[in-house]
Amino acid sequence: MSDCIFCKIAAGEIPSNKLYEDEFVVAFHDISPQAPVHFLVIPREHIPGAAAVTPDNSRLIARCFEVIAMLAQRENLAGGFRVITNNGQDACQSVHHLHFHVLAGKNLGERLIRD
Ligand code: DGP
């Protein structure tokens, strides 16, 4: 999608602090961190959100979680981490390209990412 900010980050057209990228997935630090560790994992393919996951693209979600597990090990998140995806208006989704927030580096408590 030509006007999608995360498509542009994945393509390298907008700078980001990337942790990892491969043919299918990109991980980069969130511009507005909510925890000491806060990065986003996205499929390169433009999927608008969790509600748009289908049998045709769900392998990309599996790949995102493989990358999350790899980065959790590489970034030494042994104390634990939280994975969140916001979908739609009530969840305050602000970027309509599926992304998984990975939060860590402190006790995250029981509060939601936005309340
Ligand atoms: P959400 O509200 O779940 O759609 O989260 C979108 C996240 O994307 C939010 O935490 C801030 C982050 N974000 C928005 N624009 C940019 C950007 O240009 N660069 C980076 N690194 N993160 C961004």
Side-chain angles (χ1 to χ4, degrees):
M1 282 246 309
S2 58
D3 61 345
C4 170
I5 196 162
F6 285 0
C7 283
K8 288 180 178 169
I9 284 176
E13 293 165 10
I14 289 179
S16 68
N17 194 352
K18 283 185 184 150
L19 287 149
Y20 176 82
E21 61 185 320
D22 65 25
E23 189 182 350
F24 302 108
V25 173
V26 181
F28 53 96
H29 289 283
D30 195 289
I31 203 168
S32 176
Q34 307 289 310
V37 176
H38 185 177
F39 60 85
L40 304 171
V41 179
I42 69 168
R44 280 190 189 278
E45 182 177 314
H46 185 84
I47 300 170
V53 175
T54 69
D56 285 341
N57 61 27
S58 60
R59 74 195 183 287
L60 297 172
I61 282 60
R63 182 67 194 142
C64 284
F65 274 83
E66 289 171 7
V67 169
I68 289 168
M70 180 276 290
L71 288 175
Q73 196 158 24
R74 197 187 82 185
E75 302 297 313
N76 192 25
L77 307 184
F81 60 92
R82 182 170 289 162
V83 181
I84 291 174
T85 190
N86 294 314
N87 188 93
Q89 203 173 346
D90 283 356
C92 302
Q93 182 181 6
S94 60
V95 178
H96 293 270
H97 181 129
L98 178 63
H99 52 281
F100 298 102
H101 295 261
V102 179
L103 299 140
K106 68 174 186 179
N107 187 310
L108 296 164
E110 295 180 357
R111 292 173 61 147
L112 302 174
I113 184 171
R114 288 187 181 81
D115 53 4

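Index from 1, following the sequence. Start at 1 and go down the list; that is how both ligands and their atoms are numbered.
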With F28 as partner, the option from Y20, F6, F39 fulfilling ring pair (Phe, Tyr, Trp, His ring centres under 6.0 Å) is F6

Q.
If you define the side chain from C-beta out and look only at heavy atoms, does anything of E45 sit under 4.5 Å from L60?
A. yes

Can you tell me if Q93 uses its side chain to pair, donor with acceptor, with the backbone of V95 under 3.5 Å?
-> yes

- Task: Work out whether the distance between some heavy atom of N17 and some atom of ligand 1 is less than 4.0 Å.
- Result: no

_Check contact between H99 and ligand 1, using heavy atoms of the residue and a distance below 4.0 angstrom._
yes

Counting from 1 in the order shown, the ligand 1 atoms closer than 4.0 Å to a non-hydrogen atom of C92 are 2 (O)

So for F6 against ligand 1, with non-hydrogen atoms under 4.0 Å, the contacting part is side chain

Sequence neighbours left out, cut at 3.5 Å: what donor-acceptor pairs do the side chains of residues 7-19 make with other protein atoms?
unit_1	atom_1	unit_2	atom_2	d
K8	NZ	S2	O	3.4
K18	NZ	I9	O	3.2

Using a strict cut-off of less than 4.0 Å between a Lys/Arg side-chain nitrogen and an Asp/Glu carboxylate oxygen, indicate whether D22 and R63 qualify as a salt bridge. yes

Taking the side chain from R82 and the backbone from G109, do they hold a donor-acceptor pair closer than 3.5 Å?
yes

Would you call T85 a ligand 1 contact, heavy-atom distance under 4.0 Å?
no

Ligand 1 atoms nearer than 4.0 angstrom to some heavy atom of F28 are 20 (C), 21 (N)

Contacts satisfying ring pair (Phe, Tyr, Trp, His ring centres under 6.0 Å) that involve residues 42-74 (not counting sequence neighbours) are H46-H97, F65-F100

Under 4.0 Å between heavy atoms, the region of A91 that gets near ligand 1 turns out to be neither

Can you tell me if S32 has a non-hydrogen atom under 4.0 Å from ligand 1?
-> no

* Asked: Do any heavy atoms of I5 fall under 4.0 Å from ligand 1?
  -> yes

Quick look: H101 vs ligand 1, heavy-atom contacts under 4.0 Å, and the answer is side chain

If we number the atoms of ligand 1 from 1 as shown, the ones under 4.0 Å from a heavy atom of Q93 are 4 (O)

task = Could you please spell out the steps behind the side chain to side chain donor-acceptor pair (under 3.5 Å) verdict for H38 and H29?
result = CA-CA 6 Å; H38 185 177; H29 289 283; over 6 Å; no

Less than 4.5 Å apart, any side-chain heavy atom of L98 and any of T85?
yes

If we number the atoms of ligand 1 from 1 as shown, the ones under 4.0 Å from a heavy atom of S94 are 1 (P), 2 (O), 4 (O), 5 (O), 6 (C)

Ligand 1 to I9, heavy atom cutoff 4.0 Å, flagged ligand atoms 17 (C), 18 (O), 19 (N)

